[in-house]
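Here is the structure we will look at.
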Amino acid sequence: MEKKVAVIAGDGIGPEITREARKVLDKVCRKYGHTFIYTDVLMGGASIDVHGVPLTDEAIETAKSSDAVLMGSIGGNTSTSPWYQLPPDRRPEAGLLKIRKALNLFANLRPAYLYEELKDACPLRPDIIGDGFDMMIMRELTGGLYFGERRTVTENGMRKAIDTLTYSEEEIRRITVRAFDVARKRRKKVTSVDKANVLDSSRLWRQVVEEVAADYPDVAYEHMLVDNCAMQLVMNPGQFDVILTENMFGDILSDEASMVTGSIGMLSSASLNDTKFGLYEPSHGSAPDIAGKDVANPIATILSAAMMLRFSFDMDEEADAVEAAVKQVLREGYRTQDIMSEGKKLVGTAQMGSLIADRI
Ligand code: IPM
Ligand code: MG
């Protein structure tokens with residue numbers, strides 16, 4: 001099969017980790033007889049440096065005309081990088097929000113699970129870990145506070161900032177349907193997270209979730225308040241299968257869930273619209289402090305590439321092969337610095353990529 005892949009290497013460790021993901025994809029192509037045609041797309045700081053804006057219309061067009069987008073990470077050090085002297089809508093993150101909206105990527109899937117091989121890195125006590133955990137956070141990605149009207153005004157000499165949080169039932173319904181579809185292929189449980197004791201948007205969220213749930217009698221569901229969910233994630237993470245939530249709650253809870261696994265460098269993500277198209281990126285950030293040092297863990301990006309194979313290209317066998325290669329390398333004891341423990345073999349970014357590619 002021939003596929004067009006737009007590659008956003010981005011900032012910080014982005015170029016190194018996408019290079020390794022491409023190395024693995026190239027091996028997949030050789031082994032399974034596919035051709036992937038890559039086009040580099042600038043976004044974030046890398047685009048600001050060249051074009052003065054974090055995402056150009058041409059970049060969006062290139063992404064749109066591809067079958068999928070593979071992304072590294074964007075952004076720099078917010079206290080030292082000159083990018084953060086720019087007005088907010090010109091900073092690196094604005095590029096990411098813009099591409100999500102432009103491509104209608106409303107469904108963000110962020111798996112968080114405990115790797116058997118990396119159990120020691122989990123910060124939770126063994127009695128809390130129990131048999132481990134494996135959840136999928138489904139975050140609504142193109143609505144809510146991140147896309148509401150905002151402004152800062154001065155009234156009677158007092159500065160005042162306003163952000164607005166809006167959800168339509170259609171926006172809630174489409175991500176909810178996705179979440180129930182995903183749950184159906186997993187352990188058949190949806191935990192919908194909201195703040196319905198305070199917010200109108202959350203009360204509507206609950207109603208729509210219940211309407212959708214009626215079409216999925218085989219999937220169990222519950223509502224949970226977001227503050228309780230934050231607590232439950234560290235108290236009993238094994239209870240969760242699919243967590244469905246709005247944009248900002250999902251942003252926060254997905255960081256918490258990934259940290260709880262102890263291996264944020266391992267976690268992938270997919271942002272999907274209602275076609276086969278998707279944008280795939282690691283769950284972690286651009287880690288500017290370790291950029292260019294060949295120490296970053298490329299596995300989250302490699303696993304994001306595997307999600308691309310599975311969701312956008314229907315290449316399940318190839319995706320399985322990538323995931324199995326990652327597991328094998330871990331079983332053989334290879335570790336990047338972030339997941340290193342005593343008695344294991346420390347390797348750099350490029351070597352980790354090669355080891356995984358070799359095992360496909
Ligand atoms: C994420 C990031 C982004 C977000 C930032 C960089 C805008 O934190 O993907 O979780 O908040 O969505
Ligand atoms: Mg985030």
Side-chain angles (χ1 to χ4, degrees), residues 8-14 17-18 41-48 53-55 59-60 63 69-79 81 83-84 86-112 135-148 150 163-167 171 175 193 226 229-230 233 243-261 263-273 278-289 291 300-301 303-304 307-308:
I8 300 175
D11 310 318
I13 58 173
I17 55 182
T18 43
V41 171
L42 291 179
M43 193 171 96
S47 173
I48 296 173
V53 289
L55 186 70
I60 294 175
V69 181
L70 180 67
M71 191 187 132
S73 50
I74 53 122
N77 184 315
T78 49
S79 28
S81 165
W83 298 329
Y84 296 93
L86 295 165
D89 63 340
R90 291 248 183 142
R91 293 180 194 169
E93 289 72 12
L96 183 55
L97 295 180
K98 189 171 169 187
I99 200 167
R100 286 175 180 164
K101 196 71 170 179
L103 302 174
N104 195 27
L105 304 172
F106 64 86
N108 184 214
L109 280 65
R110 296 188 168 182
M135 59 193 124
M136 178 69 88
I137 304 210
M138 305 262 320
R139 168 188 177 193
E140 199 291 326
L141 202 59
T142 52
L145 269 174
Y146 294 26
F147 292 94
R150 65 180 98 259
D163 292 289
T164 51
L165 167 49
T166 309
Y167 268 109
E171 286 174 311
I175 181 74
V193 175
V226 62
C229 182
L233 275 171
I243 292 179
L244 160 67
T245 192
E246 63 95 63
N247 205 344
M248 185 165 75
F249 298 158
D251 186 21
I252 298 168
L253 294 177
S254 61
D255 267 28
E256 187 190 0
S258 63
M259 211 52 229
V260 158
T261 69
S263 32
I264 187 164
M266 306 286 301
L267 300 175
S268 54
S269 87
S271 304
L272 310 173
N273 60 23
L279 181 148
Y280 301 85
E281 58 169 318
S283 277
H284 58 72
S286 61
D289 51 319
T301 318
L303 291 173
S304 301
M307 286 183 104
M308 175 178 86

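Worth knowing before you read on, the calculation uses all heavy atoms, side chains too, and leaves out hydrogens, waters and symmetry mates. First listed ligand is number 1; within each ligand, the first listed atom is number 1.
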Residues R100, E281: salt bridge by 4.0 Å N-O rule: yes

Exceeds 12 heavy-atom contacts within 6.0 angstrom, atom CZ of R90: no

How far apart are the C-alpha atoms of L145 and T164, what are their side-chain angles, what is the distance that settles it, and do they pass the side chain to side chain contact (heavy atoms under 4.5 Å, CB included) test? CA-CA 6 Å; L145 269 174; T164 51; 5.9 Å; no

R139, any N or O under 3.5 Å of ligand 1 N or O: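 Yes, at least one N or O pair falls under 3.5 Å.
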
For Y146, the atoms of ligand 1 under 4.0 Å from one of its heavy atoms are 11 (O)

Heavy-atom distances under 4.0 Å are what count here, so tell me which part of R110 touches ligand 1: side chain, backbone, both or neither.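 Side chain only.
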
Option nearest atom 9 (O) of ligand 1 (shortest heavy-atom distance, choices H284, R100, R91):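 Result: the heavy atom closest to atom 9 (O) of ligand 1 is in R100.
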
Atom 6 (C) of ligand 1 [closest protein heavy-atom partner, distance rounded to 0.1 Å]: E93 CG, 3.4 Å

What protein heavy atom lies closest to atom 10 (O) of ligand 1? Include the residue and the distance to one decimal.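 That would be D251 OD1, 2.9 Å.
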
Could you pull out the atom name of the N/O/S atom in D251 that is nearest the Mg ion (ligand 2)?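 It is OD1 of D251.
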
Without swapping roles, check the side chain of R139 against the backbone of N247 for a donor-acceptor pair under 3.5 Å. yes

Without swapping roles, check the side chain of E93 against the backbone of G95 for a donor-acceptor pair under 3.5 Å.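 Absent.
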
The Mg ion (ligand 2) contact by D255, N, O or S atom under 2.8 Å: no

With a 3.5 Å cut-off and no angle check, do the side chains of S271 and N108 form a donor-acceptor pair? yes

